[in-house]
Undergrad: 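Take this structure first; my questions come after.
Chain letters run A, B, ... following the sequence lines, proteins first and then strands; every chain starts at 1. Computed over heavy atoms, backbone and side chain alike; hydrogens, waters and symmetry mates excluded. Every value quoted in this text rests on a predicted model; they were computed, and no experiment measured them.
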Protein chains: 2
Amino acid sequence: MSRRRSSARGARGERHDPLRAGRRQAESLSHFVFAALGDPTRLAIVRRLCYEGPLSISRLAAGGSLTRQAITKHLGVMERARILRSERRGRERLWRIEQARLAEARHYLDVIAKQWDGALGRLKAMVEG
Amino acid sequence: MSRRRSSARGARGERHDPLRAGRRQAESLSHFVFAALGDPTRLAIVRRLCYEGPLSISRLAAGGSLTRQAITKHLGVMERARILRSERRGRERLWRIEQARLAEARHYLDVIAKQWDGALGRLKAMVEG
DNA sequence: GCCATACGCAACCTCCAGGTTGCACAATAT
DNA sequence: ATATTGTGCAACCTGGAGGTTGCGTATGGC
């Protein structure tokens with residue numbers, strides 16, 4: 001996730017707003033998703049869930065080189081980003097993918113790409129016109 | 001002298017491999033892209049480039065609360081992830097979006113989603129059959 | 001030539017994500 | 001009842017991401 005804004009005595013005076021943040025909506029929607037997917041371990045987990053279906057924590061941790069706790073933390077992050085969803089099943093907890101969420105992220109990339117095309121189009125028009 | 005020194009954690013022999021990494025391809029292709037997009041500042045930059053077209057470093061830094069250097073670093077990260085591409089233009093350097101790269105990431109999410117559906121399908125078949 | 005602009009490089013600082021360890025607790029198995 | 005398995009919780013530790021400052025170097029306009 002994001003780094004905290006540097007200390008309270010931010011040297012240059014102005015505070016907050018990374019590049020005039022804009023579109024909080026888009027941020028809250030996608031930035032967390034991408035951040036979550038940006039970690040190799042997390043991506044691996046997602047991939048495994050995709051191949052093997054819903055799995056429990058210890059199942060995910062078994063075999064790998066990481067502690068169960070480490071896995072648990074990653075699952076937590078992805079749950080908060082709503083990429084995954086958990087469901088208690090007896091004494092274990094099954095994790096599954098929130099597929100719709102991935103679709104959202106996908107769509108966001110679409111929008112970005114389209115806007116980029118638009119920007120280039122306007123630019124070209126200005127130069128030529 | 002960084003990793004574990006005595007606690008025989010990874011004494012198992014196999015070093016490395018987060019969740020048996022698998023599909024290095026997919027990782028190298030998308031993990032970096034997602035990581036890059038996961039930072040709010042970076043997402044903001046991408047968004048600006050999308051709206052305003054190609055921009056120079058100092059143009060991007062102007063107005064915002066971050067140093068030019070900070071922006072430069074972010075641009076570097078995204079260049080390495082091949083989300084952006086630069087082009088010298090006189091004494092300045094114009095940055096633009098590598099739109100195809102976003103499409104790749106998008107596609108990757110597609111694949112994941114499809115595989116998930118498949119996994120659920122197989123699971124259901126096993127339970128019912 | 002001279003000055004301002006647009007960068008690049010490198011050292012340095014801070015903080016938190018990613019990892020570990022240790023222990024307590026709930027749900028099964030036997 | 002007891003041992004075992006699957007988790008949850010909390011207190012650590014550490015490297016590197018994200019940021020800053022300072023200075024050196026092209027490039028363009030005058």
Undergrad: Under 3.5 Å, is there a donor-acceptor pair between the side chain of B:Arg106 and the main chain of A:Ala105?
TA: no
Undergrad: Would you confirm whether A:Arg122, through its side chain, and B:Tyr51, through its main-chain N or O, come within 3.5 Å as a donor-acceptor pair?
TA: yes
Undergrad: So which nucleotide from D:dT7, C:dG19, D:dT21 ends up closest to the side chain of A:Thr41?
TA: C:dG19
Undergrad: Roughly, in whole Å, what's the span from CD in B:Gln69 to P in D:dT25?
TA: 15 Å
Undergrad: So, OP1 or OP2 of C:dG18: does either fall under 4.0 Å of a side-chain N or O from A:Arg42?
TA: yes
Undergrad: Look at the aromatic rings of B:Phe34 and A:Phe34 and report parallel, tilted or perpendicular, splitting at 30° and 60°.
TA: parallel
Undergrad: In whole angstroms, how far is the P atom of C:dA17 from the CG atom of B:Asp39?
TA: 12 Å
Undergrad: Without decimals, in angstroms, what is the distance between B:Leu94 CG and D:dT27 C1'?
TA: 14 Å
Undergrad: Indicate whether OP1 or OP2 belonging to D:dT7 is found under 4.0 Å from a side-chain N or O atom of A:Ser56.
TA: yes
Undergrad: Checking the side chain of B:Arg101 only, and the main-chain atoms of B:Ala81 only, is there a donor and an acceptor separated by less than 3.5 Å?
TA: yes
Undergrad: Taking the nucleotide of DNA chain C with the closest heavy atom to each, which residue, B:Lys73 or A:His74, is nearer the 5' end?
TA: B:Lys73
Undergrad: Between C1' on D:dA17 and CD1 on B:Ile71, what's the gap in Å once rounded to a whole number?
TA: 15 Å
Undergrad: Could you state the CG-P distance from B:Leu37 to D:dG18, rounded to the nearest angstrom?
TA: 13 Å
Undergrad: Would you kindly give the CG-to-P distance between B:Leu75 and D:dG19, to the nearest whole Å?
TA: 12 Å
Undergrad: Rounded to 10°, tell me the angle between the two end axes of the helix from C:dG1-D:dC30 to C:dT30-D:dA1, each built from five pairs.
TA: 30°
Undergrad: Among the clusters formed by ILVMFWY side chains lying less than 4.5 Å apart, do A:Leu94 and A:Met78 turn up in the same one?
TA: no
Undergrad: Mark yes or no for a side-chain to base donor-acceptor pair under 3.5 Å between B:Glu92 and C:dC7, with no hydrogen or angle criteria applied.
TA: no
Undergrad: I'd like to know if the side chain of B:Ser30 and the backbone of B:Val33 have a donor-acceptor N/O pair within less than 3.5 Å.
TA: no
Undergrad: Do the side chains of B:Glu87 and B:Arg89 get close enough for a salt bridge, i.e. N-O under 4.0 angstrom?
TA: yes
Undergrad: Would you say B:Thr67 reaches D:dT20's phosphate, i.e. side-chain N/O to OP1/OP2 under 4.0 Å?
TA: yes
Undergrad: Measure the distance from CG on A:Leu55 to C1' on D:dG6 and round it to the nearest whole Å.
TA: 14 Å
Undergrad: Is the phosphate of C:dC7, meaning OP1 or OP2, less than 4.0 Å from a side-chain N or O of B:Thr72?
TA: no
Undergrad: At under 4.0 Å between heavy atoms, which parts of nucleotides 24-30 of chain C does protein reach? Answer with one letter per nucleotide, 5' to 3': B base, S sugar-phosphate only, - none.
TA: ---BB--
Undergrad: Between the side chains of B:Glu79 and B:Arg42, is the shortest nitrogen-to-carboxylate-oxygen separation below 4.0 Å, so that they form an ion pair?
TA: no
Undergrad: Check this for me, if you would: do A:Glu98 and A:Arg82 make a salt bridge, where the nitrogen-to-carboxylate-oxygen distance has to be below 4.0 angstrom?
TA: no
Undergrad: In whole Å, I'd like the distance from the CG atom of A:Leu66 to the P atom of D:dT7.
TA: 16 Å
Undergrad: Quick check: does any side chain N or O of B:Ser56 sit under 3.5 Å from a backbone N or O of B:Arg59, one acting as donor and the other as acceptor?
TA: yes
